[in-house]
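Have a look at the structure below, then the notes.
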There are 4 protein chains.
Amino acid sequence: MSHSRTVEIEGHIIDSGTMQRCFGAVMDLGGSFDVERFDVGKHENEESYCRMTVSAGDAETLQAILHELHQNGAVLEDPSDVDLVAAPADRVVPPNFYSTTNHPTEVLYDGEWIEVERIEMDCALVVEPGGGPDGEPRAYTKVLNAIEEGDLVATDQSGIRVRPPERPRSGGGAFGFMQGGVSSERPSESTIREVAEEVREVTEAGGNVMVVAGPAVIHSGAGDALADLVEAGYVDALSAGNGFATHDLERSLYGTSLGMDVETLEHPRKGHKHHIWTISEIIRAGGIEAAVDDGIVTEGVMYQCVENGVDTVLAGSIRDDGPLPDTITDAVEAQDAIRGQAHDADIVLMLATLLHSVAVGNCLPSTTKTVCVDINPATVTQLLDRGSAQAVGMVTDIGTFVPTLAEFVLGDDADGADRGADGADRDAEELT
Amino acid sequence: MSHSRTVEIEGHIIDSGTMQRCFGAVMDLGGSFDVERFDVGKHENEESYCRMTVSAGDAETLQAILHELHQNGAVLEDPSDVDLVAAPADRVVPPNFYSTTNHPTEVLYDGEWIEVERIEMDCALVVEPGGGPDGEPRAYTKVLNAIEEGDLVATDQSGIRVRPPERPRSGGGAFGFMQGGVSSERPSESTIREVAEEVREVTEAGGNVMVVAGPAVIHSGAGDALADLVEAGYVDALSAGNGFATHDLERSLYGTSLGMDVETLEHPRKGHKHHIWTISEIIRAGGIEAAVDDGIVTEGVMYQCVENGVDTVLAGSIRDDGPLPDTITDAVEAQDAIRGQAHDADIVLMLATLLHSVAVGNCLPSTTKTVCVDINPATVTQLLDRGSAQAVGMVTDIGTFVPTLAEFVLGDDADGADRGADGADRDAEELT
Amino acid sequence: MSHSRTVEIEGHIIDSGTMQRCFGAVMDLGGSFDVERFDVGKHENEESYCRMTVSAGDAETLQAILHELHQNGAVLEDPSDVDLVAAPADRVVPPNFYSTTNHPTEVLYDGEWIEVERIEMDCALVVEPGGGPDGEPRAYTKVLNAIEEGDLVATDQSGIRVRPPERPRSGGGAFGFMQGGVSSERPSESTIREVAEEVREVTEAGGNVMVVAGPAVIHSGAGDALADLVEAGYVDALSAGNGFATHDLERSLYGTSLGMDVETLEHPRKGHKHHIWTISEIIRAGGIEAAVDDGIVTEGVMYQCVENGVDTVLAGSIRDDGPLPDTITDAVEAQDAIRGQAHDADIVLMLATLLHSVAVGNCLPSTTKTVCVDINPATVTQLLDRGSAQAVGMVTDIGTFVPTLAEFVLGDDADGADRGADGADRDAEELT
Amino acid sequence: MSHSRTVEIEGHIIDSGTMQRCFGAVMDLGGSFDVERFDVGKHENEESYCRMTVSAGDAETLQAILHELHQNGAVLEDPSDVDLVAAPADRVVPPNFYSTTNHPTEVLYDGEWIEVERIEMDCALVVEPGGGPDGEPRAYTKVLNAIEEGDLVATDQSGIRVRPPERPRSGGGAFGFMQGGVSSERPSESTIREVAEEVREVTEAGGNVMVVAGPAVIHSGAGDALADLVEAGYVDALSAGNGFATHDLERSLYGTSLGMDVETLEHPRKGHKHHIWTISEIIRAGGIEAAVDDGIVTEGVMYQCVENGVDTVLAGSIRDDGPLPDTITDAVEAQDAIRGQAHDADIVLMLATLLHSVAVGNCLPSTTKTVCVDINPATVTQLLDRGSAQAVGMVTDIGTFVPTLAEFVLGDDADGADRGADGADRDAEELT
């Protein structure tokens with residue numbers, strides 16, 4: 001094992017699984033390690049420290065191992081400044097550029113560790129030497145297509161350290177720590193109650209609740225409950241698609257969703273012209289806000305978003321009918337809008353949409369709490385797998401989840417009673 | 001096409017899809033048909049009549065076609081008496097014995113059409129010449145392993161006619177007519193409301209509501225709601241397994257399900273000894289009823305079933321721990337117990353269990369209403385596919401379905417308010 | 001029932017289920033019917049004819065019923081010319097505009113029935129009076145956002161007739177007729193063999209095979225098999241997304257997919273920088289074709305598509321990394337490109353992508369054969385539900401489906417042996 | 001924190017995740033720890049050692065924490081002999097009896113650590129003082145219903161230590177270490193190839209390959225491939241149900257499965273009397289072996305099992321038709337038969353059956369390799385979750401999995417060629 005480097009790792013690295021992953025990576029990739037020092041935290045509030053030399057038979061393997069260790073928070077013993085190379089052209093990064101994780105990250109520049117702003121995975125990392133307000137250096141992420149010629153882009157991984165999230169010092173209730181799997185063997189209503197408490201706490205603390213919603217929210221009949229949450233001020237941002245908005249607007253215009261009366265279940269037929277007619281009406285009005293202003297749209301989620309000034313992004317996709325004039329049809333432009341929402345969010349509720357949830361998840365740092373709800377276990381697994389440190393995954397029916405959530409969130413607002421007190425009439429006007 | 005026979009079909013055979021299936025069967029199997037007469041019902045309440053000659057190139061193909069037509073209600077033009085052969089030994093049926101469908105069926109015996117009792121699919125059909133109370137002939141189904149030497153078993157299909165269910169004359173609301181597919185694009189709460197109304201109507205009419213429940217009902221936290229329904233008198237029969245009962249009893253004994261506190265979500269760990277300890281406690285007590293009587297079990301579904309005299313069958317399976325003393329470990333014996341429940345049921349709610357639902361479904365005539373609820377769409381599809389004419393399939397979360405159903409069913413009983421009025425405390429005692 | 005109209009329906013309307021749906025619609029919607037004449041086809045090759053008067057208590061209900069009947073092929077007894085209204089502005093259709101089905105459609109204009117071109121669902125129907133090559137009128141579909149001021153748009157449904165697909169006169173093998181449900185109880189390899197035969201037949205007849213592929217095709221290891229099919233000339237059009245192309249190109253550039261070596265299964269780790277590096281390399285090269293020309297990309301599906309001149313559309317989405325320069329980021333522009341592919345296709349294979357499959361399915365007439373393959377039964381159900389008359393739905397693993405399909409399609413080409421003879425080396429060069 | 005105990009943990013406890021789980025358990029349950037000594041293994045082959053004092057505010061919490069630590073391999077610093085209490089009656093265990101894990105376990109008896117035989121989870125642990133061949137003490141598991149009056153049953157957890165499986169020192173290829181989640185983002189054929197290699201290695205080493213098979217194996221058309229594996233000697237035990245056997249026998253008797261010809265896909269109809277006729281024929285013959293001997297059954301999996309003396313268990317369930325005379329209808333009796341198979345197995349292939357796989361999994365020690373294959377991700381997750389240390393979970397189509405596996409396993413036997421060389425004709429006779 002002729003190639004070796006010494007790395008340091010510190011923090012709650014045993015109970016957060018960091019050392020397990022680091023040792024595992026070395027073994028899996030065919031290297032070996034020699035622990036030089038390991039100070040184990042004696043109590044739950046004491047951090048640990050490990051210094052070890054990692055060896056491999058060839059430079060490439062060593063590099064692969066170090067890449068893994070790096071992503072788990074290890075730093076080289078004597079780190080040198082980050083290695084910056086100017087981008088040769090717009091949208092073109094230098095070879096071997098550093099691709100970011102979604103964990104908090106710092107770069108060593110001019111001997112100082114600088115926090116990287118707008119952290120997000122799979123981006124380039126750009127350092128702007130005099131970019132700060134007082135001429136100090138700044139570092140931030142940039143997606144590939146935003147790179148401009150001359151941007152100083154980090155390459156390799158020297159001089160960069162990431163801080164993967166650590167296990168909370170006590171149990172996280174419904175919010176599991178980095179759990180990739182989704183157990184369906186959990187009590188549904190109790191879990192929803194915990195999510196509701198989290199939503200209330202974030203809102204009461206002045207935080208930002210972002211909702212990512214798929215069309216199933218509407219045609220499963222959960223639109224009213226979501227509209228109530230918006231009206232009551234528990235939703236700060238809505239990220240959805242053309243389909244979600246159209247189904248919701250169809251309900252306001254025609255009382256149906258995909259042609260079915262959501263109350264009486266009647267006329268669940270193909271050839272539901274209401275859907276395309278809705279789009280046509282909104283185009284005629286000049287957009288959703290105009291349609292609300294004109295009194296054409298008088299209820300529903302979109303109506304409440306307009307009335308309550310919720311930051312709304314409708315991102316287009318190739319399966320859209322229409323689309324509505326409000327829908328951003330360019331994917332890159334839509335991503336930028338979503339990115340803005342995601343960076344502001346304190347908690348994100350991903351409701352029955354894989355496409356939009358992945359788009360949002362791509363922009364989130366690992367420190368943002370997320371709630372992923374879908375009827376398909378594979379969707380929930382995929383979303384949890386993308387890496388929030390504190391996440392709730394529920395395989396459940398969005399058509400019962402949202403009403404139950406709304407009752408738990410809104411219940412106490414009205415009159416201090418718990419669930420159900422105002423569930424029947426949902427007299428939301430009293431609540432605001 | 002040298003082989004041919006003439007058949008007759010009558011009823012609402014166009015709008016029920018009967019003719020579509022009959023014509024399709026002839027074409028798919030390579031035969032041809034010659035419609036001799038077709039009187040189409042002029043109004044929705046007028047029946048139609050079709051007489052046609054079916055031909056095929058060989059006798060075997062013709063036989064296959066006639067088999068299909070028979071199962072769709074066609075009868076040979078000049079039917080002869082049913083062809084009976086005595087069973088040569090216990091559990092041994094004659095070759096070419098007639099295997100029943102789950103549709104209402106009659107046999108022609110001594111020139112008279114006799115209704116077949118206890119209709120159930122995949123059984124033998126036995127005629128007992130003097131078996132009636134006044135010495136008249138009787139006909140009934142028998143499962144293979146109940147056949148006794150000398151039983152007169154129907155062979156072939158001559159002299160037998162089935163009546164597949166017909167499309168209701170008006171829309172069935174949530175209860176679709178013979179719909180094999182499951183659309184998740186339905187409003188969840190509205191659908192549950194329709195199921196609740198059906199349950200109430202059956203109960204108020206003195207009918208029999210049968211619940212088939214899997215363990216997920218308990219560990220999803222829906223046990224209380226089901227217990228409320230039992231206590232309030234809306235459950236006449238419970239068909240479940242050892243796991244369901246054990247999880248429910250564990251809640252009463254230890255406040256956990258699979259080791260997790262279902263209220264606080266704490267201790268969701270492996271090695272949940274409460275589960276096996278629960279079984280041990282019930283064995284020690286001598287069974288569930290004894291444990292209730294001794295004050296060991298004081299709440300939950302099983303408790304309410306004992307207290308309210310619900311007809312309960314716990315059928316064993318090879319994945320059982322223990323099992324509980326109440327569990328019927330022999331599959332054939334358990335099937336007989338389930339069969340008794342199934343034949344009495346007017347509506348069956350299949351809640352998050354494939355195994356027990358299929359077992360029950362196997363015993364049901366096609367005329368019994370069924371509600372199939374599972375988080376897995378393939379399970380719901382499979383259950384609907386087994387053939388109730390009026391069925392609701394919901395891909396939803398049992399942990400929110402049952403509480404919502406309980407609120408809708410129990411709501412009005414208490415005080416005329418709708419959902420939620422008593423949801424919070426579920427003061428079920430007032431309700432009964 | 002003071003409101004009534006008389007309609008006519010003809011064709012194989014019993015065995016295709018048309019009459020079942022028509023009678024059902026009348027009853028479900030609360031109307032009644034009076035059959036004036038019903039000539040039933042006496043043989044499987046003789047069509048039937050029905051004339052009936054439909055009544056309802058109010059004009060709105062009658063309209064809803066007629067809408068349903070219309071979509072099932074019924075025409076008013078004395079049809080008048082199509083009702084055309086000029087579009088008041090670009091992208092704005094007249095109120096009550098006719099929204100198309102995906103079935104073959106004709107309009108009555110100046111007393112002549114004209115076939116509607118480019119049939120596709122949820123579009124407006126435009127008549128161009130002198131639009132034909134010889135000054136004759138033309139009719140075609142237009143999506144809402146393509147409508148130009150002054151376009152003569154059909155409104156209401158008078159003067160329009162649709163021809164829903166009819167049941168094939170003999171069994172369709174794996175290709176079921178309008179079956180919404182998906183049975184997993186079918187033999188997988190036999191079904192794939194039937195699909196393979198269809199692909200071969202279409203190709204041999206000079207037809208167009210369109211493949212819609214999701215990224216799972218690549219990371220499930222099926223990329224080589226699909227590349228073989230492309231190389232051997234069995235793929236005329238590829239419709240995919242940025243993810244599919246990137247995963248495929250990553251394999252060519254780095255031998256990995258999402259960072260995992262697809263042969264050895266090694267390094268299945270997070271933080272797979274190869275993915276984003278691949279995009280960067282293709283941007284640097286100036287696009288996929290340039291990267292192939294430069295010898296940077298030397299194998300894989302995209303390579304074969306470039307080399308074999310396959311009509312390729314990469315449609316962007318909001319979850320894309322990068323994106324690649326070849327990806328069409330605007331959804332409307334991408335839809336137009338997909339529309340062109342879809343209208344040319346004779347058979348469409350939808351492989352493990354819901355998003356792109358729905359996008360393609362939206363543009364297909366109901367007469368195009370489709371094969372929908374996904375591991376998620378809900379996805380397959382949703383795709384089949386969109387309405388191809390002849391469709392195969394398979395709930396299977398794309399990672400074994402494509403290699404098996406390739407063996408069945410390519411097998412006989414080489415040497416007449418069946419499956420497996422050339423499976424090992426897949427010496428595709430000999431095959432072309 | 002007035003209550004405390006000191007425990008020791010040793011082994012590869014960092015990279016196996018043991019310490020992460022132990023520290024986590026203390027924190028989650030509200031206790032605290034004080035690490036007195038922690039010797040970290042300096043190299044991948046050096047074990048670690050930890051001694052720590054665990055404290056809690058009350059005795060009950062401390063007990064809960066110690067229970068968790070115990071299950072992760074911790075032992076009290078000064079362990080005393082196991083605490084044995086005689087069972088008061090048949091099937092009745094003493095209160096607070098020790099419930100086993102599925103990990104290797106030892107008990108301290110008379111100052112000596114004795115290995116517990118027949119390790120299996122959720123059992124009682126019985127010590128037989130002079131039960132060994134030379135009068136030495138023995139310890140073994142017993143399921144609750146096998147307990148006899150007077151059995152010395154372990155209570156509490158003192159004097160018992162378990163050894164959870166440790167992470168292999170190098171990567172396990174497809175066999176992941178204790179991975180609860182199932183990624184579908186793995187190359188299917190490569191994974192199957194690894195499974196095939198494992199099956200070959202076990203067989204070549206004289207080991208025992210156990211197959212657990214559901215009916216989907218047959219009706220997905222994979223029966224021939226499984227029969228080939230049996231014939232070629234790669235299956236030592238088959239654990240299945242009445243449905244599997246009946247579908248397989250139906251193929252031999254009638255060429256159909258559930259009434260469908262698995263080659264031509266013809267006649268996929270309801271009312272498939274072949275199924276029930278098959279059962280009847282086997283009953284008439286007196287059982288499967290008799291039917292093989294009489295030449296009634298001439299091919300298929302059951303045929304090959306009889307011909308090759310495979311240890312076969314058919315366990316009954318309440319959804320069975322018939323059942324076949326060979327089916328063990330009593331669940332407890334069937335479990336005992338399965339238990340015998342499971343304890344002998346070196347690798348278990350669980351093929352498309354949840355019920356039988358759970359039954360087998362319940363009896364397996366955590367050291368047995370398992371392969372779980374199902375189309376439903378929730379099934380695979382549930383099976384992996386039960387605790388084999390080395391497991392492969394695949395969400396795939398059993399109808400393509402088994403044929404592909406058979407080709408990979410059998411390929412080289414015949415002539416050294418790889419996949420496909422003998423795939424076409426599967427001339428299995430040459431292979432044996």
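Everything quoted here is computed from the prediction, not taken from an experiment. Quick note on labels: first sequence line is chain A, next is B, and so on, each numbered from 1.
A pairwise comparison of heavy atoms in A:S188 and B:G399 identifies OG-CA, 3.3 Å as the closest pair.
The shortest distance between side-chain heavy atoms of A:V395 and B:D397 does not fall below 4.5 Å.
At a 4.5 Å heavy-atom cutoff, the contact between A:I192 and chain B is made by side-chain atoms alone.
Atom CE of A:M394 sits about 7.0 Å away from atom OG1 of B:T400, to the nearest 0.5 Å.
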